[in-house]
Amino acid sequence: MRVYFDYNATTPLAPGVADAVAAATRDLFGNASSVHYFGQQAKAALDEARASIAALVGAEASEVVFTSGGTESDNFAIRGAAEALEQTGRRHLIASAIEHEAVLNTLKALARRGWRTTLVPVDHSGIVSPDRVRELITDETALVSVMHANNEIGTVQPIAELSAIAHSRGALMHSDAVQSTGKIPVDVRALGVDLLSLSSHKFNGPKGAGALWIKRGTRMQPLLTGGKHERNRRAGTENVPAIVGMGVAARLASEKMAGEAVRVGALRDRLEEGILRVPGTAVNGARQARVPNTTNISFDHVEAESLLIALDLEGVAVSTGSACSSGTLEPSHVLRAMGFPPHRTQNSLRFSLGMFSTEQEVDRVVALLPGIVEKLRALTAKAGAQRV
Ligand SMILES: Cc1ncc(COP(=O)(O)O)c(C=O)c1O
């Protein structure tokens with residue numbers, strides 16, 4: 001039995017998506033910009049997908065711009081807004097310290113080009129405080145970027161309140177909704193944002209497709225220059241099959257989200273309760289304001305990487321927030337930003353569930369973990385004793 005509990009990394013395709021992608025690849029080969037029949041067939045498929053994606057986030061279809069995924073959407077939102085606002089003298093950007101690298105590294109790149117950037121710290125809850133944003137925002141702030149749900153701990157941020165603060169100082173508000181879309185209701189008007197990033201492969205659509213929702217009238221500099229695709233917002237021939245697949249996944253998400261949130265939430269809670277029976281475990285981040293599919297748990301005296309490998313050997317796929325670069329384990333920037341000590345940033349695992357997760361899978365993981373943790377703790381103790 002293989003268990004996949006890494007849905008926040010990527011998701012398997014929803015039923016019907018692979019067939020829709022295959023059919024579009026085969027039949028809708030026309031260039032959606034062509035005026036002839038073949039082009040118009042492709043364009044009609046794009047329009048249908050655009051409408052389904054817009055409906056999922058309460059938007060107008062004409063405000064949805066297709067991109068290659070979440071990373072491009074985040075880059076476009078921040079660089080596009082920053083460059084459009086450059087002449088106005090607004091050269092300050094704010095983001096939370098727990099954003100995805102697609103946002104953090106974009107801010108770093110702009111900082112190297114003279115932009116002033118501020119990262120809003122968070123506390124143990126992993127929730128951005130509107131008061132801190134109120135303190136840090138100035139009349140020079142061009143954009144505030146705060147994710148809707150965090151990818152590592154699942155916490156949901158107070159976006160509507162943050163949008164009001166951004167707007168009160170004349171700044172734009174961007175939210176990376178890559179990890180919330182399809183899991184909890186996302187409504188661009190209720191959130192009050194100007195820009196919202198989406199990624200198809202996080203809600204059971206294919207990889208290589210995403211979208212940036214741009215509120216009508218928002219001035220944006222395109223990231224990619226070229227032809228007049230996507231109403232001059234994003235040049236390049238559209239990836240029709242991937243976008244068609246994203247549209248099917250979006251429609252399914254709209255239909256099933258309410259029921260799935262309850263089902264998956266119950267599984268996550270069952271998993272969490274089971275794991276917390278292991279001594280020396282704790283949940284990272286606020287447990288109330290979370291997407292229903294995610295839990296991030298620390299295991300005292302265990303290297304998360306060892307636990308991940310031991311679980312993988314048993315057929316269970318989970319993830320650490322930390323990235324392993326050139327052989328050195330980097331602690332999770334999210335847990336570090338939350339103020340956790342180094343050992344806790346390196347002993348935490350993320351379990352993220354989804355569409356195909358079952359109770360049997362949860363029970364298997366809950367049954368496996370105590371033995372694995374005990375074994376790893378014994379090894380750690382032994383290695384410690386040998387070092388003394
Ligand atoms: C919050 C968040 N933003 C952006 C991304 C990047 O999305 P993509 O993989 O579609 O480029 C991810 C993916 O892990 C994410 O979790």
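For this chain, numbers begin at 1 and follow the sequence in order. Note that ligands are numbered from 1 as they come in the structure, with each ligand's atoms numbered from 1 the same way.
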Any idea which part of Asn150 is under 4.0 Å from ligand 1, heavy-atom wise: side chain, backbone, both or neither?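 It is neither part, as no heavy atom is under 4.0 Å.
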
Please state which part of Thr71 comes within less than 4.0 Å of ligand 1, counting heavy atoms only: side chain, backbone, both or neither. both

Do [X] and [Y] have a side chain donor and acceptor closer than 3.5 Å?
X      : Y      : answer
Asn284 : Arg344 : yes
Asn293 : Asn8   : yes
Ser175 : His148 : no

Decide, yes or no, whether a salt bridge links [X] with [Y] under the criterion of side-chain N to carboxylate O below 4.0 Å.
X      : Y      : result
Arg263 : Glu260 : yes
Glu135 : Arg132 : yes
Arg90  : Asp139 : no
Arg91  : Glu86  : yes

Just going by heavy-atom distances, which of Glu99, His100, His148 is nearest to atom 15 (C) of ligand 1? His100

Got an N/O contact under 3.5 Å between [X] and ligand 1?
X      : result
Gly70  : yes
His201 : yes
Glu72  : no

Considering only non-hydrogen protein atoms, determine which one is nearest to atom 10 (O) of ligand 1 and report residue, atom name and distance to 0.1 Å. Ser199 OG, 2.6 Å

Per-atom contacts of ligand 1 with Met147, taking only distances under 4.0 Å to non-hydrogen atoms: 1 (C)

Distance under 4.0 Å to a non-hydrogen atom of Asp74: what atoms of ligand 1 satisfy this? 3 (N), 4 (C)

contact_flag Lys207 ligand 1 heavy-atom lt 4.0 Å: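 Judged by the 4.0 Å heavy-atom criterion, Lys207 does not count as contacting ligand 1.
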
